[in-house]
Amino acid sequence: MPKNKVVSLDEAMGKLRDGLTVLIPGFVNCGVPETLIKGIIEKGYTDLSVISNNTSIKGRGIGMLVHENRIKHITCSHIGNNTETVEKVVAGEINVTFVPQGTLCERVRAGGAGIGGILTPTGLGTPIAEGKPVIEVDGKKYLLEKPLHGDVALIHAWKADKMGNLVYRRTARNFNQIFATAADLVIVEAEQIVEVGELDPDVIHTPGCLVDMIVQI
Amino acid sequence: MPKNKVVSLDEAMGKLRDGLTVLIPGFVNCGVPETLIKGIIEKGYTDLSVISNNTSIKGRGIGMLVHENRIKHITCSHIGNNTETVEKVVAGEINVTFVPQGTLCERVRAGGAGIGGILTPTGLGTPIAEGKPVIEVDGKKYLLEKPLHGDVALIHAWKADKMGNLVYRRTARNFNQIFATAADLVIVEAEQIVEVGELDPDVIHTPGCLVDMIVQI
Amino acid sequence: MEKRELIAYRTARFFEDGDLVNLGIGMPTMCMNYLPEGVDIWIESENGVIGLTGAPKEGEEGDPNVVDASGGMSMMRTGGCCFDSFTSFGLIRGGHVAATVLGAYEVDQEGNLANWTVPGKTVAGMGGAMDLVSGAKKVLIMMEHCDKHGNPKILKRCTLPLTAVNEVDYIITELCVLERTAEGLVLKELAPGVTVEEVVSKTAADLIIPQKIGCMV
Amino acid sequence: MEKRELIAYRTARFFEDGDLVNLGIGMPTMCMNYLPEGVDIWIESENGVIGLTGAPKEGEEGDPNVVDASGGMSMMRTGGCCFDSFTSFGLIRGGHVAATVLGAYEVDQEGNLANWTVPGKTVAGMGGAMDLVSGAKKVLIMMEHCDKHGNPKILKRCTLPLTAVNEVDYIITELCVLERTAEGLVLKELAPGVTVEEVVSKTAADLIIPQKIGCMV
């Protein structure tokens, strides 16, 4: 953990490449790392596999990647808020794998926490169950859901200290906290960057040890 | 969620009875709900099944329940800090089931979050694996560990607002946060009780909806 | 009362004071306008917040970091708190949410629900619906009794891909309240002026008609 | 250097600047006194904290809410943060901890470790050891080469109940450094004045002796 992880957007984006699996948090367009997404677009990266809850709204956030045709495959729970994503999925330009929202959280958390899978009642008897093992525990049936992990996670924080300790703001926290645990490279955009020691140890949502680079928005 | 959940120790303890399964957080003797434990002893409850990480130290915290012979069975990761527990376990006065500490966290969290089980590499090939299903996911083997749930959880908070929103202090958080999710009845002892609205929504560790009663230490 | 008002009015009477409730997008949010005197409920929104109160009113300043389950800006009430999506679905799946209220394309007499996709027509994704319906203590379906062509939506067996199996507890329509029991769907209440015959003729499921049927208002 | 000093000195040289490291109770904590110039590591303690620095020194005021993995009061450095036990073991199991350093009763040539129980003698429990050894990126065992009776602790196959299977990466003793590879235990380094013959005679495991063997200091 170097003392100062703050880098330029250009330097951070230089670590990516085409074809990566990218975890992108955000609920509709709240808590989405929009500065980093613009950075991806500027660098021209494409063929991305995105893991996210949804695809923001048309032309914003993850919707920019949709609009610019940078996404090959998306694993998410919902695309209904973005008409352009729906069109491209229907046209076969983007492959989509739907995962129930709570299961998405569990799978990414499992990926970040070394858990080999979790048993959930969610999706039993629905199309989501197809091809997945059903395991019975004490007379109740559950779906076995496997971990998800990314090459990169792009995180939006409210405050970051220079070591990468993060605090999120209100519902902009959403998937950021878990997604920051489950990628080989974790790049954060922060609304405010503060000195180490300014954040109370008990209010830090993401420990700095999980963060590789910080970009000022 | 009534607006004010603050009650007397006596009223809170009146909800318990002999033979319950009680979740008691704490690491060695940090973050242990000692006031509530004294309440149990005063009421005379016995034959308890305790789920905890350890048993504090001799004569303190959970060690008081050990000393007073109130525990029939304990599920924990470690008893080495309390010589009296060791003696009583060796003498067959307390039954113990050892669970690796991380697995204990996962099992209680699963119990509180409606997860039917989790797959962990921890304990594979050790005595802990005996009798547990081994499940292979993508070529790696894992133990299937089942959820744990309690009748009651006794929680130690630093600050509680009157609705039960909780903030823990430093390493006194330990098992409190997860244990508060996994019992039918959640009783909190708080060092400070504050008015609703005094705790910032982003620093609350345990939402008030999980808490049934609050006792001032 | 207008149809939707009646449905919201009746649904709101399922809540008890202090309940934590998840209200789906659309008609379910109307319940807030019809809460009985003395019943104060707390809204859990799956994007990680308890205590949303609705869009900022004129003169109120919203925070773009506080959004509801549709992504629109919302205000928060005093005593609310925020958490990440993983924790949110832990609360939902763990049975800590007293009721979830959703619409439906189809419900059947076994309590199966279809409300997330119409193959060949919609590709929005299930969002959090599958988790909510599998996890909440009580599942309330509020919907118009028939579709816009006058065809029954309450069936012997759902024809659309399911959201969850055997999870629906109550169906509230402008005609009646149905309770799903182990024996089947029971006609509990009728709207003023509605006859048993009308309900039966507009329902494709078998109904259990008790001797005494209540009134919805 | 005294035996234990030498072991700590050498073990400390496995760390890189910025590493997040979990140090077991006892000898492992001595590593902090032997960090090479320019190497600053962060201590992860499984009870939910990053940045412990050791017991309060004279004149320093400790906080009883800040304890280390043995339950003793500790100070925290600026930039550290606290979290709950569930998150802590997520970090450990998820591979976010660069190294875990523990003692052992026995280690064998397949990288199996026994360090939690001696049947009939100890009933302390495994605490977090099983999770740490299964989860950390690198597992370093530091121990005296033989037991107090002079019997080998490095064996062909452990005889005591295991803590984990195939997880040990390096063994550091007062005689040598051994690396566990797919082929077996390799003698990487010798302490000053120690011969290959001495190591072989005090080791019950098969050793791979390379042409070139380094020096521990």
*Pick whichever of Gly80(D), Gly127(D), Cys82(D) has the most heavy-atom pairs under 4.5 Å with chain B.*
Gly127(D)
*Below 4.5 Å from any heavy atom of chain B, which atoms of Thr163(D) appear? Answer side chain, backbone, both or neither.*
backbone
*Any Trp116(D) side-chain heavy atom under 4.5 Å of Pro127(B) side chain*: yes
*asked:* Within this structure, what is the CZ-OG1 distance for the pair Phe89(D) and Thr120(B), rounded to the nearest 0.5 Å?
replied: 11.0 Å
*asked:* Taking CD in Glu68(B) as the centre, count heavy atoms belonging to other residues, nucleotides or ligands within less than 6.0 Å. Is the count above 12?
replied: yes
_chain D contact via Val90(B) - which portion, at a heavy-atom distance below 4.5 Å_ = side chain
*Looking at Asn176(B), Ile128(B), Asn53(B), which has the largest count of heavy-atom pairs under 4.5 Å with chain D?*
Ile128(B)
*Looking at Asn54(B), Val108(B), Val99(B), which one has more heavy-atom pairs under 4.5 Å with chain D than the rest?*
Val99(B)
*pair Arg93(D)-Glu106(B): side-chain heavy atoms closer than 4.5 Å*: yes
_Using a 6.0 Å cut-off, check whether atom CD of Glu136(B) has over 12 heavy atoms from anything other than its own residue._
yes
*Against chain D, label Asn29(B) side chain, backbone, both or neither, depending on which of its atoms sit under 4.5 Å from a heavy atom there.*
neither
*What do the steps show when you test Asp84(D) against Ile178(B) for side chain to side chain contact (heavy atoms under 4.5 Å, CB included), and what is the final call?*
CA-CA 8 Å; Asp84(D) 77 305; Ile178(B) 285 300; 3.4 Å; yes
*OG of Ser88(D) to CZ of Phe175(B): how many Å apart, nearest 0.5 Å?*
8.5 Å
*Can you find a heavy atom in the side chain of Phe86(D) that is under 4.5 Å from one in the side chain of Gln177(B)?*
no
*asked:* Using heavy-atom distances under 4.5 Å, tell me whether Ser70(D) contacts chain B through its side chain, its backbone, both, or neither.
replied: backbone
*Does the side chain of Asp63(D) reach to within under 4.5 Å of the side chain of Arg169(B), using non-hydrogen atoms?*
yes
_Between Thr122(B) and Asp131(D): side-chain donor-acceptor atoms closer than 3.5 Å_ = yes
_Heavy-atom contact with chain B under 4.5 Å, split by part of Asn166(D)_ = neither
*For Phe27(B) and Val67(D), which heavy atoms make the closest approach, and how far apart are they?*
CD2-CG2, 4.5 Å
*So, does Arg173(B) use its side chain to make a donor-acceptor pair with the main chain of Gly48(D) at under 3.5 Å?*
no
*Pick from Ser77(B), Gly125(B), Cys76(B): which one has the most heavy-atom pairs with chain D under 4.5 Å?*
Ser77(B)
*Step through the shown structure and confirm whether more than 12 heavy atoms of other residues, nucleotides or ligands are within 6.0 Å of NZ on Lys188(D).*
no
_Less than 4.5 Å to any heavy atom of chain B: does that hold for the side chain of Pro64(D), its backbone, both, or neither?_
backbone
*Is there a side-chain contact between His78(B) and Met126(D) (heavy atoms, below 4.5 Å)?*
no
*asked:* If you count heavy-atom pairs within less than 4.5 Å of chain D, which of Pro100(B), Pro25(B), Gly31(B) leads?
replied: Pro100(B)
*Would you mind checking which part of Arg109(B) comes under 4.5 Å of any heavy atom in chain D, side chain (CB onward), backbone (N, CA, C, O), both or neither?*
side chain
*asked:* Rounded at 0.5 Å granularity, tell me how far CZ in Arg170(B) sits from SG in Cys81(D).
replied: 10.5 Å
*More than 12 non-hydrogen atoms from neighbouring residues, nucleotides or ligands closer than 6.0 Å to NZ on Lys132(B), yes or no?*
yes
*For chain B, find which of Ala164(D), Gly128(D), Ala129(D) contributes the most heavy-atom pairs closer than 4.5 angstrom.*
Gly128(D)
*Identify which part of Ser56(B) has an atom lying under 4.5 Å from any heavy atom of chain D, answering side chain, backbone, both or neither.*
neither
*Measure Ile79(B) against the heavy atoms of chain D and call it side chain, backbone, both or neither at under 4.5 Å.*
both
*For Met76(D), is it the side chain, the backbone, both or neither that has a heavy atom under 4.5 Å from a heavy atom of chain B?*
side chain
*Using modelled atom types only, decide if a donor and an acceptor are shared between the side chain of Thr171(B) and the backbone of Asn65(D) within a distance under 3.5 Å.*
yes
*Does a sphere of radius 6.0 Å around NE2 in His149(B) hold more than 12 heavy atoms from other residues, nucleotides or ligands, not counting ones at 6.0 Å or beyond?*
yes
*asked:* Within a 6.0 Å radius of atom NZ on Lys138(D), are there more than 12 heavy atoms belonging to other residues, nucleotides or ligands?
replied: yes
*Do Leu124(B) and Val165(D) touch side chain to side chain, with heavy atoms closer than 4.5 Å?*
no
